[in-house]
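Predicted model only: the values in this text are computed from it and were never measured.
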Amino acid sequence: MIVVKFSGSAVANAEKLKTAAKIINSETSCRYVVVSSPGKNLPDDIKITDMLYILHSKFQSREGYNEMLKKIAEQFMSIILELGITFDIDREIAILKEDLLAGESADYIASRGEFIMAKIFAKMLNWEFVDAAKIIFFDADGKLEDARTFATASEVLSKYEHAVIPGFYGSLPNGKIKTFPRGGGDITGAIIARAVKADLFEKCTANTNFFSADPSIVSEPKIIQTLTYSEALEINYTGIKIIHDEAAFLLKDTEIPTKVRNINTPSSEGTLITPTKDLTGNITVCIAGRRNFNIIHIEKFGINRFYGFGEKLFGIFARYNAPCEHCLSGIHKISVVVKTPMFDLKRNEILREIESIIQPDSLSLERDLSIILTIGEGTGRTYGILDKIASSLAHEKINIRMLDQGSDDLNVILGVSDKDYDAAIRTLYHAMIV
Ligand code: ASP
């Protein structure tokens, strides 16, 4: 049994919805579909979820909101007209307006994009519509009540041969709507897949395929054919979202794989994300990275014998809301990697506190650092990986400024100068992937 989730890009207009319907009708084992609200048609468009947030904030700040409401109605209206289905969109928009005037929350208003979209899709397919608020539950602190959610979703959905469920939200104990973080349609899809014990979760987008290196740097890189959830989470860190982090966490310890497909390239197999993988052949699946980091080097004789050192040091970053991205430690030295924009805002205060609380023998800052990850489960158990990295980069005269194999077996993280970033990605791709 397959649960299919369509991202906003794959339901942005009537034509895409027709493709989506074709995909569903060709998969006889697809019983449940999760949809996001319609995405952008053109790069400069505003997606419906964003329009709904704007609508809510305009109403709150007593600005005119009718224009925004009209735009939302128009996008849904054009979908319905082109699909040629009977659907009372005026009524849905009138309810949305009433709820807005009644002071409903931003979460509730934003959730109406998926709510209306799922109703339209259910009508188009002639399937049951099941409101996510009736099967996905949060506790009073906003934490997903997973056991109750899985049990209820499984029981409710088992009554229907086919159903469409809106993504992105569930309900709080007081019955009010709460949304997941942005992009949370994937989380709903993963919840439904787990609840109904699906054999496969399929995520359909119209955005892009997932490549083993950035296609704007490497010409025609390979599409990633298979990877594990843990590897996907590493790739997500670099900003390429294959699947939402929370969805990957929900599926990581199950038997359910996820297939990510681009509906614009139906002949391509897409990318399969699996809970585990066989460690044979080339284990590096992707070379990815990010620019713009700083490293703070803190030198102090005998750091290894200093009780509570970590607590004191990281406490400083915590107080200034500056996340430490990576940390490398030696016997008399510790180096902390931080992302430039966040750190820059509080740089002087953070360095001053390090001076006064840690009292280092020396403190220095290196700027313009890029972080590159060679990602692949089994990295820590495979010999020769560091050799490939070091020798290929040395051959191109690219200096490695930082190197961390980590203990999690998933990657090697290396730091190079920002100016060497593109060349390093290309070099590592050719040395480690093809
Ligand atoms: N519509 C929501 C968002 O834009 C959720 C999703 O698309 O998955 O974040």
Side-chain angles (χ1 to χ4, degrees), residues 213-214 230-241 245 248-249 284-300 303-304 306 308-347 350-351 353-354 357-358 360 362-381 385-386 388-390 393 398-422 424-425 427-428 432:
D214 182 343
S230 304
E231 289 167 342
L233 283 163
E234 297 288 306
I235 296 175
N236 284 354
Y237 167 75
T238 65
I240 309 159
K241 288 272 178 235
D245 285 358
F249 269 104
T284 306
V285 295
C286 183
I287 310 293
R290 277 158 68 175
R291 294 171 206 267
N292 268 323
F293 289 88
N294 285 190
I295 319 185
I296 307 163
H297 298 291
I298 302 148
E299 208 166 340
K300 187 174 174 77
I303 278 179
N304 57 329
F306 187 168
F309 178 80
E311 194 185 342
K312 284 194 178 129
L313 178 64
F314 295 120
I316 300 172
F317 290 93
R319 278 197 291 288
Y320 289 101
N321 287 331
C324 303
E325 301 280 337
H326 307 284
C327 175
L328 298 120
S329 67
I331 298 172
H332 306 294
K333 184 170 174 181
I334 187 159
S335 303
V336 181
V337 179
V338 287
K339 189 107 181 78
T340 307
M342 300 273 241
F343 173 68
D344 270 1
L345 290 175
K346 297 281 172 196
R347 184 181 53 215
I350 292 175
L351 294 179
E353 279 210 26
I354 294 178
I357 295 176
I358 306 292
S362 79
L363 179 64
S364 61
L365 183 68
E366 264 193 82
R367 301 182 68 87
D368 306 326
L369 180 84
S370 289
I371 295 289
I372 298 178
L373 283 75
T374 72
I375 299 164
E377 255 184 72
T379 294
R381 275 175 279 169
I385 300 245
L386 291 177
K388 272 193 201 163
I389 294 173
L393 292 177
I398 296 170
N399 184 36
I400 301 173
R401 285 169 56 185
M402 177 204 106
L403 188 77
D404 178 10
Q405 175 165 300
S407 49
D408 58 6
D409 199 29
L410 270 169
N411 59 34
V412 173
I413 302 175
L414 57 139
V416 298
S417 289
D418 279 342
K419 69 172 178 35
D420 291 330
Y421 180 73
D422 288 7
I425 294 268
T427 304
L428 292 169
M432 306 185 72

Exercise. Listed by chain and number, what are the salt bridge (Lys or Arg N to Asp or Glu O under 4.0 Å) partners of Glu299, not counting sequence neighbours?
Worked result: none
Problem set entry | Plane angle bin for Phe293 and His326 - parallel if under 30°, tilted between 30 and 60°, otherwise perpendicular | tilted
For this session: Evaluate side-chain contact (heavy atoms from CB on, under 4.5 Å) for Thr284 paired with Leu428, printing each intermediate quantity in order.
Result: CA-CA 10 Å; Thr284 306; Leu428 292 169; over 6 Å; no
Problem set entry | Minimum-distance pair of heavy atoms, taken over all atoms of Val338 and Cys324 | CG1-CA, 4.4 Å
Problem set entry | Lys300 side chain to Ile358 backbone, donor-acceptor under 3.5 Å | yes
Problem set entry | Rounded distance [0.5 Å steps], OG in Ser370 versus CG in Leu414 | 10.0 Å
For this session: For residues Asp368 and Arg401, report the shortest heavy-atom separation together with the two atoms involved.
Result: O-NH1, 3.4 Å
Problem set entry | 4.5 Å side-chain heavy-atom contact, Val337 and Asp404 | no
Problem set entry | Phe249 atom CZ, neighbour heavy-atom count above 12 within 6.0 Å | no
Exercise. So among Val285, Asn411, Thr379, which one has a side-chain contact (heavy atoms from CB on, under 4.5 Å) with Glu231?
Worked result: Val285
Exercise. Given the rule in the side-chain contact (heavy atoms from CB on, under 4.5 Å) test, do Ile334 and Cys327 qualify, once you have shown the distances and angles that lead to the verdict?
Worked result: CA-CA 7 Å; Ile334 187 159; Cys327 175; 3.8 Å; yes
For this session: Taking Tyr421 for its side chain and Gly289 for its backbone only, find out whether a donor-acceptor pair lies under 3.5 Å.
Result: yes
Problem set entry | Shortest non-hydrogen separation from Ile235 to Cys286 and the atoms involved | CD1-CB, 3.7 Å
Problem set entry | Which residues share a salt bridge (Lys or Arg N to Asp or Glu O under 4.0 Å) with Lys241, sequence neighbours left out | Asp245
Problem set entry | Set of side-chain contact (heavy atoms from CB on, under 4.5 Å) partners for Asp344, sequence neighbours left out | Asn294, Thr340, Arg347, Arg367
For this session: Dump the intermediate steps for side-chain contact (heavy atoms from CB on, under 4.5 Å) on Leu351 and Ile296, then the final yes or no.
Result: CA-CA 9 Å; Leu351 294 179; Ile296 307 163; 4.1 Å; yes
Problem set entry | With Ser230 via side-chain contact (heavy atoms from CB on, under 4.5 Å) - residues at least two apart | Thr228, Lys252, Glu377, Leu410
Exercise. How close do Asn321 and Pro323 get, heavy atom to heavy atom, and via which atoms?
Worked result: O-CD, 3.5 Å
Exercise. By salt bridge (Lys or Arg N to Asp or Glu O under 4.0 Å), which residues pair with Asp422, not counting sequence neighbours?
Worked result: Arg291
For this session: Tell me, yes or no, whether the heavy-atom count around Lys339 atom NZ, taken from other residues, nucleotides or ligands under 6.0 Å, exceeds 12.
Result: yes
Problem set entry | Closest non-hydrogen atom pair, Ile298 against Pro360 | CG2-CB, 3.8 Å
Exercise. When rounded to the nearest 0.5 angstrom, what distance separates CZ in Arg319 from NZ in Lys346?
Worked result: 12.5 Å
Problem set entry | Euclidean distance, Glu325 CD relative to Ile295 CD1, rounded to 0.5 Å | 12.5 Å
Problem set entry | Student check: side-chain heavy atoms of Ile413 and Met402 closer than 4.5 Å | yes
Seminar exercise, completed: Residue set satisfying side-chain contact (heavy atoms from CB on, under 4.5 Å) with Thr427, at least two apart, ordered chain then number -> Ser392, Leu393, Glu396, Ile398
Exercise. When rounded to the nearest 0.5 angstrom, what is the spacing between OG1 in Thr374 and CD in Glu234?
Worked result: 10.0 Å
Exercise. What pair of heavy atoms forms the shortest contact from Ile240 to Asn236, and how long is it?
Worked result: O-OD1, 3.1 Å
